[in-house]
Q: 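Before we start, here is the structure in question, set down as structure tokens.
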Amino acid sequence: MNVVTMREPVEHIHIDTQKLGLHLRNDVLSDQGDGVFTLADAMAQALGEAETSFLNNNYVALKQSLGEISELAVRSGFLTIGQVAHDVACAALSNDRVAVSATLHRLLRIGEKSLYAMWDLPEQFV
């Protein structure tokens, strides 16, 4: 009997901390901690909606969620999330369910990792 070891995918994320800090400072909220929470909540909500739309085979709603994710990513400096959201959108446009599944799951992994990284950023960046 052979034993196969499965490795968990390692995803590298890139966050433009200057853009993130600028976004949070320009936010109308008085407390930057609230801004971080609001941004994290909006991103998590959009990622959840994208996953739900995919599971329901609703590509129209999926594309809308991906648009929201891309907008948040560009505005807030989540470079990797923006790139992978674009990859998911391209796969969805070609109606390749396997590619959508693979890239969406990558997006969800990167999204989770990025949100954790945002919470861990030194206060000088945020």
Side-chain angles (χ1 to χ4, degrees):
M1 175 168 86
N2 293 333
V3 176
V4 177
T5 303
M6 301 291 290
R7 291 178 140 184
E8 190 69 26
V10 176
E11 301 289 355
H12 298 284
I13 59 168
H14 302 288
I15 299 174
D16 182 343
T17 53
Q18 290 179 337
K19 193 176 238 184
L20 177 60
L22 181 64
H23 171 73
L24 293 173
R25 280 190 287 279
N26 288 339
D27 204 342
V28 294
L29 299 172
S30 60
D31 184 12
Q32 286 184 355
D34 287 344
V36 170
F37 177 77
T38 301
L39 175 59
D41 186 51
M43 184 63 78
Q45 182 74 28
L47 289 166
E49 288 172 2
E51 182 179 27
T52 300
S53 298
F54 172 73
L55 293 173
N56 291 331
N57 211 19
N58 185 347
Y59 277 46
V60 173
L62 174 62
K63 290 173 190 173
Q64 290 173 342
S65 296
L66 292 170
E68 185 178 342
I69 292 167
S70 293
E71 181 183 323
L72 282 168
V74 167
R75 194 173 57 202
S76 305
F78 290 108
L79 304 175
T80 309
I81 290 177
Q83 291 169 348
V84 178
H86 179 265
D87 294 342
V88 179
C90 289
L93 284 173
S94 67
N95 290 319
D96 185 345
R97 187 161 171 77
V98 174
V100 172
S101 178
T103 54
L104 179 63
H105 282 89
R106 181 170 184 238
L107 177 64
L108 296 173
R109 284 191 308 270
I110 289 171
E112 179 180 15
K113 196 170 183 179
S114 295
L115 292 176
Y116 282 127
M118 184 180 69
W119 286 113
D120 293 338
L121 285 173
E123 288 183 26
Q124 68 195 33
F125 292 118
V126 181

Q: Using side-chain contact (heavy atoms from CB on, under 4.5 Å), reason through Arg106 and Asp87 one step at a time and then give a plain yes or no.
A: CA-CA 10 Å; Arg106 181 170 184 238; Asp87 294 342; 4.3 Å; yes

Q: What are the two closest non-hydrogen atoms of Thr80 and His12, and how far apart are they?
A: CG2-O, 3.7 Å

Q: Are Asn57 and Arg97 packed together at the side-chain level, in the sense that at least one heavy-atom pair is separated by less than 4.5 angstrom?
A: yes

Q: To the nearest 0.5 Å, tell me how far Tyr59 OH sits from Asn95 CG.
A: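 It comes to 6.5 Å.
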
Q: Taking the side chain as every heavy atom from C-beta outward, state whether Asn58 and Leu62 have any pair of such atoms under 4.5 Å apart.
A: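 Not touching, per the 4.5 Å side-chain cut-off.
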
Q: Using a 3.5 Å distance criterion without hydrogens, assess whether the side chain of Ser76 forms a donor-acceptor pair with backbone atoms of Ala73.
A: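 It does not hold such a pair.
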
Q: To check you understand the geometry: which heavy-atom pair defines the closest contact between Ala46 and Ser65, and what is its length?
A: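 The pair with the smallest heavy-atom distance is O-CB, 3.9 Å.
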
Q: Taking side chain to side chain donor-acceptor pair (under 3.5 Å) as the test, write out the residues that go with Glu49, two or more places apart.
A: Gln45

Q: Side chain of Lys63, backbone of Leu93: donor and acceptor closer than 3.5 Å?
A: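 Absent.
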
Q: If every non-hydrogen atom of Ile13 is compared with every non-hydrogen atom of Ala117, which pair is closest and at what distance?
A: CD1-CB, 3.5 Å

Q: Rounded to the nearest 0.5 Å, what separation is found between the CG atom of Leu115 and the CD1 atom of Ile81?
A: 6.0 Å

Q: Take the angle between the ring planes of Phe54 and His105 and call it parallel below 30°, perpendicular above 60°, tilted in between.
A: perpendicular

Q: Which atom names give the shortest non-hydrogen contact between Thr103 and Ala91, and what distance separates them?
A: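 Looking at all heavy atoms of both residues, the closest pair is OG1-CB, 4.2 Å.
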
Q: Under a single-linkage definition using a 4.5 Å side-chain heavy-atom cutoff for Ile, Leu, Val, Met, Phe, Trp and Tyr, are Val84 and Leu108 assigned to the same hydrophobic cluster?
A: yes

Q: Who passes salt bridge (Lys or Arg N to Asp or Glu O under 4.0 Å) against Arg75, sequence neighbours left out?
A: Glu71

Q: Are Val74 and Leu66 linked, directly or through other ILVMFWY residues, by side chains that come within less than 4.5 angstrom of each other?
A: no

Q: Grab the two heavy atoms, one from Ala85 and one from Ile69, that are nearest each other, plus how far apart they are.
A: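 Scanning both residues, the minimum pair turns out to be CB-CG2, 4.0 Å.
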
Q: Can you find a heavy atom in the side chain of Leu107 that is under 4.5 Å from one in the side chain of Leu104?
A: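 Contact flag for Leu107/Leu104 side chains = yes.
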
Q: Can you measure from OG (Ser101) to CD (Glu51) and round to the nearest 0.5 angstrom?
A: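 The CD atom of Glu51 is 10.0 Å from OG of Ser101, to the nearest 0.5 Å.
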
Q: On a heavy-atom basis, which atom in Met118 and which in Ile15 lie closest, and how many Å separate them?
A: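 Minimum heavy-atom separation between Met118 and Ile15: N-CD1, 4.4 Å.
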
